Amino acid sequence: MSDDPRPRSKEDPAGRIAVLADQCVLCGLCQPHCPTYVLDANEAESPRGRIRLAQALASGELTADATIRLPLDHCLSCLNCESVCPSGVCFGELLIQTRALLGPRPDRPTALLGLLTRPRLARSLLALARGLRIRRWAHRLPWLFGNAERAALALLPTRGTLRTARALPPFSGAMGRVALFQGCVSGLADSAALDAARHLLRAAGFRVHTLPPVCCGAIDLHDGATASAAAAAGRVARDWADQPADTLLCITPGCLGTLRRDLPDVIVEDAMGFLGRHVERLQFRPLDERVALHMPCTQNNVARNGAVVRALLDRVPGLDVRELPATPGCCGAAGSHGLTFPERAERLRDRVLGHLAPLSPDRLLSSNIGCRLHLAAGDHALATEHPLTLLARQLQPGTHH
């Protein structure tokens with residue numbers, strides 16, 4: 001791959017791919033940590049195989065036909081490989097650049113994803129879909145609903161997740177000002193967690209501002225839809241410019257990497273990691289309950305604060321927290337992956353749920369709404385919520401600073 005005689009510039013996509021790929025020494029230490037390699041036992045479905053494919057595509061050695069690009073499209077962007085790579089390969093950026101070079105998949109559910117990333121419109125249509133009980137008969141009409149649409153309907157959140165956030169009392173803001181990023185799917189289906197974040201932050205002494213509900217562009221960025229991703233980044237930048245805040249916080253780590261990429265001069269943090277540094281200002285009531293804690297890939301590999309999340313929950317007296325093992329890794333939701341490749345996503349989900357049953361939890365906690373909806377769709381009796389929601393519910397009355 002390295003014998004390509006054509007000059008490369010770091011500024012063109014092929015040149016950026018070449019520079020990033022050249023970091024890989026092909027040691028293979030990442031293989032056992034890659035969920036798709038474990039799933040398929042296929043070199044092409046591994047980080048090392050994908051890096052070689054990206055090199056060949058960038059150099060012109062290979063043409064991007066459907067067979068060649070499929071392993072690249074299958075990648076979950078979980079970044080487990082980055083976390084164990086001894087050479088510091090920036091695999092996430094390499095994948096973004098390669099998919100930008102390829103463009104979105106021809107069968108990408110563009111219309112459906114466009115709806116999900118417009119929370120105001122999606123909220124109205126979701127209420128209509130529930131009223132018409134579409135989920136009950138969608139699978140009987142395969143000519144009307146494709147695989148992606150049926151997968152999306154299976155992920156419809158419960159009615160309780162769409163409630164309107166209750167009014168919040170004002171606080172002094174003595175600790176400073178922060179802005180809360182709503183996002184698209186989290187703003188649509190996880191209003192309880194947004195409400196909880198506001199309560200906890202205000203109880204810790206912060207004045208909280210909230211950005212309008214817009215998409216950060218992560219799904220488009222990771223699918224190679226660069227124009228849409230850039231437009232989303234521009235909207236976020238304009239919304240942030242109007243906020244009199246020092247720090248931008250998000251409740252789902254799935255948005256964190258994209259927000260940091262698009263707002264390089266802004267302090268962008270995961271809300272739970274931020275609260276973890278101020279937890280001494282919060283007191284919690286006891287709760288006699290066993291919960292299973294699912295750490296999304298982005299919690300471990302982007303926010304990198306899984307230990308802080310666990311420490312926050314350990315502040316609740318009596319709460320028995322059982323963490324799901326890091327292996328087998330990604331649950332399969334992974335942005336648009338669960339909609340584009342629902343069968344593969346189900347296989348990955350079943351591996352995670354197999355570790356859940358022996359724990360016999362009262363509920364499952366996960367900070368990523370996509371993971372939570374995907375896992376719940378595989379076990380309809382499973383109660384799920386964001387860790388912030390549990391913490392806010394157990395907040396000791398009078399914990400206001």
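If you're wondering where the values come from, they're calculated on a predicted model, not measured in any experiment. Computation of the quantities below employed the complete heavy-atom set of this structure, encompassing side-chain atoms and omitting hydrogens, waters and symmetry-equivalent molecules.
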Among residues two or more places apart or on two chains, list those pairs meeting ring-ring contact (aromatic ring centres under 6.0 Å, His included) that have a residue in residues 72-105.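 Of all non-adjacent pairs touching residues 72-105, those that pass ring-ring contact (aromatic ring centres under 6.0 Å, His included) are His74-Phe341.
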
Checking [X] side chain against [Y] main chain: does a donor-acceptor pair fall under 3.5 Å?
X: Arg349; Y: Ala333; answer: no
X: Asn301; Y: Cys78; answer: yes
X: Asp223; Y: Ala225; answer: no
X: Asp40; Y: Asn42; answer: no
X: Arg99; Y: Gly224; answer: no
X: His374; Y: Ala345; answer: yes
X: Thr340; Y: His337; answer: no
X: Gln97; Y: Ile17; answer: no
X: Arg48; Y: Leu26; answer: yes

Please name the pair of heavy atoms, one in [X] and one in [Y], separated by the smallest distance, quoted to 0.1 Å.
X: Val308; Y: Met272; result: CG1-O, 3.8 Å
X: Pro104; Y: Arg108; result: CB-CD, 3.8 Å
X: Leu395; Y: Ala203; result: CD2-CB, 3.7 Å
X: Val302; Y: Gly257; result: CG1-N, 3.7 Å
X: Leu293; Y: Pro387; result: CD1-CG, 4.5 Å
X: Ile251; Y: Ala193; result: CD1-CB, 3.8 Å

Please name all residues satisfying side chain to side chain donor-acceptor pair (under 3.5 Å) with Glu346, sequence neighbours left out, ordered by chain then number.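 In terms of side chain to side chain donor-acceptor pair (under 3.5 Å), with neighbours along the sequence ignored, Glu346 is linked to no residue.
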
Holding to side chain to side chain donor-acceptor pair (under 3.5 Å), I want the full list of residues that pass it with Arg69, two or more places apart in sequence or in another chain.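 Once residues adjacent in sequence are excluded, the partners of Arg69 under the side chain to side chain donor-acceptor pair (under 3.5 Å) criterion are Asp73.
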
Short side-chain donor-acceptor distance under 3.5 Å, [Y] and [X]:
X: Ser87; Y: Gln23; answer: no
X: Arg50; Y: Thr36; answer: yes
X: Gln55; Y: Glu61; answer: no
X: Asn305; Y: Gln299; answer: yes

Can you name the residues that form a ring pair (Phe, Tyr, Trp, His ring centres under 6.0 Å) with His278, not counting sequence neighbours?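 Residues passing ring pair (Phe, Tyr, Trp, His ring centres under 6.0 Å) with His278: Phe206, Phe274.
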
For Arg304, I'd like to know if atom CZ has over 12 heavy atoms of other residues, nucleotides or ligands within 6.0 Å. no

Step through the shown structure and confirm whether more than 12 heavy atoms of other residues, nucleotides or ligands are within 6.0 Å of CG on Asp65.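 Yes - once you tally the heavy atoms of other residues, nucleotides and ligands closer than 6.0 Å, there are more than 12.
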
Name every donor-acceptor pair, under 3.5 Å, that has one atom in a side chain of residues 356-366 and the other anywhere in the protein, sequence neighbours excluded.
unit_1 : atom_1 : unit_2 : atom_2 : d
Asp362 : OD2    : Arg290 : N      : 2.8
Arg363 : NE     : Glu289 : OE2    : 2.7
Ser366 : OG     : His294 : ND1    : 2.9

Pair Glu385 + Arg393: basic N to acidic O under 4.0 Å: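 A salt bridge links Glu385 with Arg393.
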
Heavy-atom check, side chain of His33 versus side chain of Cys81, under 4.5 Å: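 Side-chain contact under 4.5 Å: no.
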
Please name the residue in the list Leu259, Leu211, Leu180 that meets the side chain to side chain contact (heavy atoms under 4.5 Å, CB included) test with Cys250.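 Exactly one option meets the side chain to side chain contact (heavy atoms under 4.5 Å, CB included) with Cys250, and it is Leu259.
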
The complete set of side-chain hydrogen bond (donor to acceptor under 3.5 Å, both in side chains) pairs with one or both residues in residues 240-265, sequence neighbours excluded, reads Glu93-Arg261

